[in-house]
Amino acid sequence: MSEFAKYEKKWQKRWKKDKVFEADPDPRRKKFFLTVPYPYTNGALHIGHGRTYTVGDLIARWRRMQGYNVLFPMASHMTGTPILGMVERIKAGDPKAIEQYKRDLRLYFETEEEVNAQLAKFVDPWVTASFFAKVISQDFDALGYSIDWRRKFTTGDKTYNKLIEWQYQKFMEKGYIRQGNYPLLYCPNCGNPVGEDDLLQGETAKIKEFTAIKWPFEDGYLVAATLRPETIFGVTNMWINPKATYVWAKVDGEKWVISKSAAEKLRLQAKEVEVIEEFSGAKIVGKKFRAIHDDHEILILPAGFVDPTNATGVVYSVPGHAPFDYIALRDLWDNPSGLAEYGISAEVVRGIEIISMIDIKGYSEFPAKDAVESRDIKNQHEDGKLEDATQEIYKAEFYEGLMKENCGQFSGRSIKDVKDDVIAWMKENNSCDVFYEPDIRPVICKCGTDVQVGVFAGQWFLDYLSPGWKDKAWKALNEMSIVPETFRNLFEATFDWLTQRPCARKRGIGTRLPFDPDWIIESLSDSTIYMAFYTIAHHIHGNKIKPEQLKYEFFEYVFIGKGTPKKVAEKTGIDLDLLKTMRNEFKYWYPNDQRHTAPSHISNHLSFAIFHHVAIFPEKYWLKMISLNEHLIMEGGKMSKSKGNVIPLVEIPKKYGADVYRLYAVSAAEPGSLMDWREKDVPTVKNRLRQFMDIVGKYGKKEPKVYAKKDKPKTVTLWFQSRVNTIVKQATEFLESFKLRDFAIMVTSEMNRVISHYLKRSEVPKQEMEGAMAYACDIWVRLMAPITPHASEELWSKMKREGYVSLAKWPTPNKKLIDIESERSHDVVESTIRDIREIVRLMKGKKTTQVHLYVAPEWMFDAMRSIREANLPLIVGNIMKHLMTNPEFRKHGKEVKFIVDRIAKENGLWVHSRSARSERQVLLDSVKHISAEVGLDVVVHASDNVTYDPQNKARFALPGRVSLFIE
RNA sequence: GCGGGAGUAGCCAAGCCAGGUCAAAGGCGGCAGACUUAAGAUCUGCUCUCGUAGGAGUUCAGGGGUUCAAAGCCCCUCUCCCGCACCA
């Protein structure tokens with residue numbers, strides 16, 4: 001158990017008891033509405049999830065301390081397939097699924113009996129989802145997240161369904177929804193589309209779209225599938241596998257010749273297929289078909305390499321540009337003996353002329369021939385080499401090839417531009433269709449069946465290309481803050497690429513489409529505007545409003561302001577005042593000021609959220625800001641259950657302490673980069689927290705006092721007060737610009753450094769030091785509160801402060817105390833100490849007793865100021881001229897050159913005190929300190945009155961660069 | 001393939017957009033010292049190379065360019081990471 005657990009629990013309880021984070025509208029205060037996407041509750045969360053929620057909480061806490069009325073709510077996500085899938089696997093007794101859940105359950109139960117008892121209940125997705133929703137909310141509390149839990153809901157709630165129904169009715173009204181064909185991986189045995197998780201093999205498979213070209217043949221078509229439809233102009237023959245089974249089939253009313261297995265696939269691809277006749281490929285070898293572009297007759301040849309289970313099992317041959325075709329034809333030329341049985345003479349085959357139809361630099365007229373010969377491919381059985389040759393030619397021709405003059409209206413155009421036009425042209429002439437295949441083979445379903453491509457007719461899409469939609473979304477994006485700004489590119493790329501997206505499915509948990517209840521809205525499409533639901537969720541369940549009361553008119557009124565509350569109250573039976581309250585509460589909180597999550601959601605969830613908001617809400621309710629933090633890795637590598645290196649969220653407070661984790665999570669990496677969790681760095685973080693607690697614990701209880709100049713404090717006290725306020729200023733600026741790591745370093749390392757330095761200064765009287773320290777601690781404990789709320793709360797109460805530090809005022813820098821001059825002077829002292837040390841080190845053991853410090857003459861300080869004020873470019877001549885016009889400096893001509901040369905060399909002015917007097921004074925004030933640091937007696941001289949300088953060192957002094965003599 | 005991003009000292013990681021104040025923050029590791037019976041913890045200093053006077057030299061994936069001046073801007077090359085649609 002971590003040493004922090006006891007007081008962490010204590011404060012979590014008190015926050016809850018006093019409803020510290022429950023936020024209600026307060027017109028007198030500015031609001032800040034922050035959301036982090038709700039977790040998906042199909043299992044326990046891990047340390048990586050914690051990073052995002054911790055950052056979210058940091059923002060919430062900081063804004064709250066800044067005086068904003070902060071709403072930071074949370075809900076849980078259960079729509080979609082994963083929970084349902086797991087439940088089914090548990091029911092089926094799948095040992096892997098059972099073990100996975102047991103592993104998660106053991107985190108929450110002591111005994112194996114309890115684990116099994118809970119697991120036994122996981123036969124209902126609702127039970128699974130609500131169990132994990134519950135434990136995740138406990139985990140969040142244990143990490144100190146300042147969430148208003150009154151507003152929680154799940155995406156499976158009936159009331160939530162009503163929101164989504166309204167949303168999709170709105171989309172329908174606007175014409176943003178359409179139906180169409182959609183191909184996806186499909187298991188014919190299960191009768192379902194399959195996703196990555198459903199696959200045994202080929203998990204990464206994507207769908208490849210072939211163009212099926214319908215070559216006129218007898219009273220129908222010979223249908224050959226290709227990825228290179230532009231090559232129809234180079235066709236010389238057709239390849240048919242004489243040993244394979246083909247069919248004549250009626251496909252959507254037309255007669256097609258395709259392989260038998262292709263006919264079965266087409267049935268799944270939303271085609272009407274009726275097999276008329278089955279026959280062996282040999283039967284049509286030797287027959288003729290007609291070309292698409294000029295109708296001439298072409299021969300069908302036998303080819304063993306044609307795979308009837310790939311695409312249509314019919315291949316048209318372009319030997320000039322396809323290595324497989326070239327080598328197959330060459331093989332027949334070399335050995336035509338097998339042709340006789342099909343009634344094809346050797347002469348006819350030898351008479352086939354290879355056609356060159358693509359012009360490409362660096363190749364002969366037949367690139368396929370070049371590629372085959374350069375690889376020394378002997379025959380059509382060298383698959384690997386042929387595949388390689390095909391890739392080479394395909395790529396080269398696609399990017400650099402031009403259609404030759406024999407390509408009709410497409411002549412002269414580049415392949416990559418012309419491809420789609422060729423397809424369009426064939427489509428117009430009813431010469432082609434589409435045929436889908438998985439891009440890799442085999443793809444096997446968990447049920448053991450070979451997965452095919454299924455085409456869903458009537459699939460519902462959200463059409464992001466609907467007129468006007470994208471323009472509005474762009475406007476929203478352009479006006480929104482994206483932090484870190486580097487991620488904006490990713491949004492822009494996504495916006496460009498979004499076209500149509502299926503928004504409903506046939507399976508899973510979710511909301512049914514109101515206008516087509518066979519379909520269930522898929523889980524990324526039902527979580528885009530729900531932030532609005534937080535503003536009223538507690539009223540809905542608090543007043544036991546029934547789902548059927550949440551009619552279309554209800555949401556129209558509460559979210560859009562349409563209709564009158566009176567009419568809506570009549571229609572829904574909801575109390576009139578309650579309706580008004582909800583409308584007002586929505587108006588108070590909305591829009592969502594900041595949404596924080598991980599960049600992996602940019603290409604879907606976050607972009608959809610922007611699109612859906614602009615579709616539904618008026619401009620003033622669009623998202624204001626999206627902030628992002630990257631994922632977390634473990635000891636330099638990916639986290640994965642198989643590696644066993646996943647730390648569950650629930651263990652973090654026990655193992656490390658919530659505050660330690662939080663501090664690590666914000667200080668180990670800036671949000672924009674991956675964070676590496678390294679166990680050996682944890683003690684350092686813990687130590688930083690302990691130092692903070694020790695110091696504030698010791699000095700925080702004293703009476704804070706601010707020292708003004710008139711109080712005649714030590715100069716180092718003025719420096720200290722200045723540094724503390726500078727830290728407040730910079731820390732706040734870092735938060736504003738979302739540089740969370742810099743913020744964390746500033747309020748831990750830097751603050752600690754400044755404090756330890758001050759504590760070392762023995763010249764400061766005890767009372768003065770305690771007063772100044774108490775002042776600093778009062779600020780420090782508040783600066784740390786967003787990161788380490790429990791420790792800060794504990795200290796705050798020990799300091800006998802009113803209320804909770806979580807609600808205390810965020811420190812603002814006291815400009816009067818920021819004294820750049822004293823910070824500069826301090827730097828001069830520190831650099832002097834460094835210089836002394838360096839010289840002593842270089843003197844290698846020679847006995848040293850005393851150091852003499854010589855400050856530069858006053859006029860040099862005047863010269864530096866004069867240069868700064870003149871704001872001259874860094875050109876020696878100009879600066880010289882500038883100084884020499886002043887008779888005061890002219891007196892020191894030679895030394896002026898010395899100082900100006902130095903300025904040129906250093907590329908500008910450097911840190912120094914305001915005047916020789918003040919520089920000397922600071923050194924005098926620090927004699928004790930310098931002496932203690934370097935172990936030498938210290939004598940400070942003024943260079944206009946040097947009484948002792950045996951080695952004539954004083955003349956090297958410059959402002960800020962004290963000259964030294966060590967003896 | 002398409003799209004996005006990254007390569008910084010022994011390691012991790014800031015800096016890059018707005019070039020000079022950068023031998024480059026912070027941390028880890030290492031070395032030395034203090035404290036301690038000792039170890040650990042903690043604290044202090046050092047940690048690219050050279051240097052018996054505060055200085056000099058060489059660095060920011062590799063190559064080229066722009067500039068008085070480049071880790072930073074431009075071009076090319078190499079290497080690595082992430083997303084690509086029904087999966088949340």
Side-chain angles (χ1 to χ4, degrees), chain A residues 37 39-40 42 77-83 85 182 184-185 193-198 203 206-207 391 394-395 398-399 439 456 459 485-494 496-508 522-525 527 599-605 630-631 633 636 638 667-670 672-676 678 680-681 683-685 687-688 690-691 694 739 741-742 744-746 748-750 753 756 760 831-846 873-875 904 906-911 933 951 953 956 961-966:
Chain A
Y40 195 79
N42 66 331
H77 199 187
M78 61 175 288
T79 45
T81 50
I83 291 184
Y182 191 68
L184 36 81
L185 294 176
V194 286
E196 233 175 86
D197 294 336
D198 304 316
E203 292 96 325
K206 302 269 179 289
I207 289 165
Q391 285 300 321
Y394 183 90
K395 243 184 232 173
F398 184 78
Y399 291 108
D439 64 345
F456 268 65
Q459 168 73 53
E485 182 66 30
T486 43
F487 288 112
R488 189 177 290 276
N489 281 342
L490 227 43
F491 276 96
E492 293 178 347
T494 304
D496 279 335
W497 156 90
L498 268 177
T499 53
Q500 285 86 28
R501 185 183 159 98
C503 62
R505 286 191 225 151
K506 291 281 189 174
R507 61 169 178 156
E522 65 89 29
S523 61
L524 281 171
S525 302
S527 55
S600 52
H601 294 132
I602 292 174
S603 65
N604 43 54
H605 165 73
E630 268 290 2
H631 288 126
I633 55 173
K638 260 192 197 162
S667 64
E670 283 294 353
S673 55
L674 279 177
M675 184 169 84
D676 194 3
R678 293 193 293 180
K680 73 173 167 58
D681 288 351
T684 317
V685 174
N687 189 36
R688 266 190 288 169
R690 230 183 261 126
Q691 281 169 344
D694 288 348
K739 296 189 169 184
R741 184 171 196 266
D742 286 333
I745 288 173
M746 186 58 68
T748 54
S749 299
E750 183 60 21
R753 216 187 329 278
S756 1
K760 261 192 342 199
S831 77
T832 303
I833 291 172
R834 268 197 302 278
D835 285 349
I836 297 170
R837 280 196 181 122
E838 187 175 353
I839 293 164
V840 168
R841 191 162 46 86
L842 287 173
M843 289 170 79
K844 292 213 173 126
K846 269 189 199 162
L874 264 180
I875 298 165
E906 302 266 333
N907 264 321
L909 304 172
W910 55 88
V911 169
E933 287 290 310
Q951 287 191 10
K953 294 282 188 188
F956 296 119
R961 302 275 163 86
V962 178
S963 177
L964 311 174
F965 170 59
I966 298 174

Practice prompt. With sequence neighbours excluded, tell me which residues meet side chain to side chain donor-acceptor pair (under 3.5 Å) with A:Gln459.
Written response: none

Discussion item. Whether A:Arg507 contacts B:C87 is assessed here as follows: a side-chain N or O lying under 4.0 Å from the phosphate OP1 or OP2. Is that the case?
Written reply: yes

Practice prompt. For B:U79 and B:C31, measure between their C1' atoms and round to the nearest Å.
Written response: 34 Å

Discussion item. The criterion is side chain to side chain donor-acceptor pair (under 3.5 Å); which residues satisfy it with A:Glu485, sequence neighbours excluded?
Written reply: A:Arg488

Response to the item:
pair_partner(B:C78), Watson-Crick or wobble, both distances < 3.5 Å, evaluates to B:G7

Response to the item:
Between CD1 of A:Ile836 and C1' of B:C46 the distance, given in whole Å, is 17 Å

Fill in: hbond_proxy A:Glu630 side chain to B:G5 base (donor-acceptor, 3.5 Å cutoff)
no

Could you write out each protein N or O paired with an N or O of nucleotides 27-34 of chain B at a distance under 3.5 Å?
residue, atom, partner, partner atom, Å
B:C28, OP1, A:Thr684, OG1, 3.3
B:C28, O2', A:Lys680, NZ, 2.3

Practice prompt. Could you check which nucleotide pairs with B:U42 in any of the strands shown, counting Watson-Crick or G-U wobble with both distances under 3.5 Å?
Written response: B:A34

Worksheet entry | Complementary nucleotide of B:G55, counting Watson-Crick and G-U pairs under 3.5 Å | B:C50

Item to complete: Could you check how far CG of A:Leu490 sits from P of B:A6, rounded to whole Å?
Response: 11 Å

Item to complete: Would you state whether a donor and an acceptor, one from the side chain of A:Ser963 and one from the base of B:G54, lie under 3.5 Å apart?
Response: yes

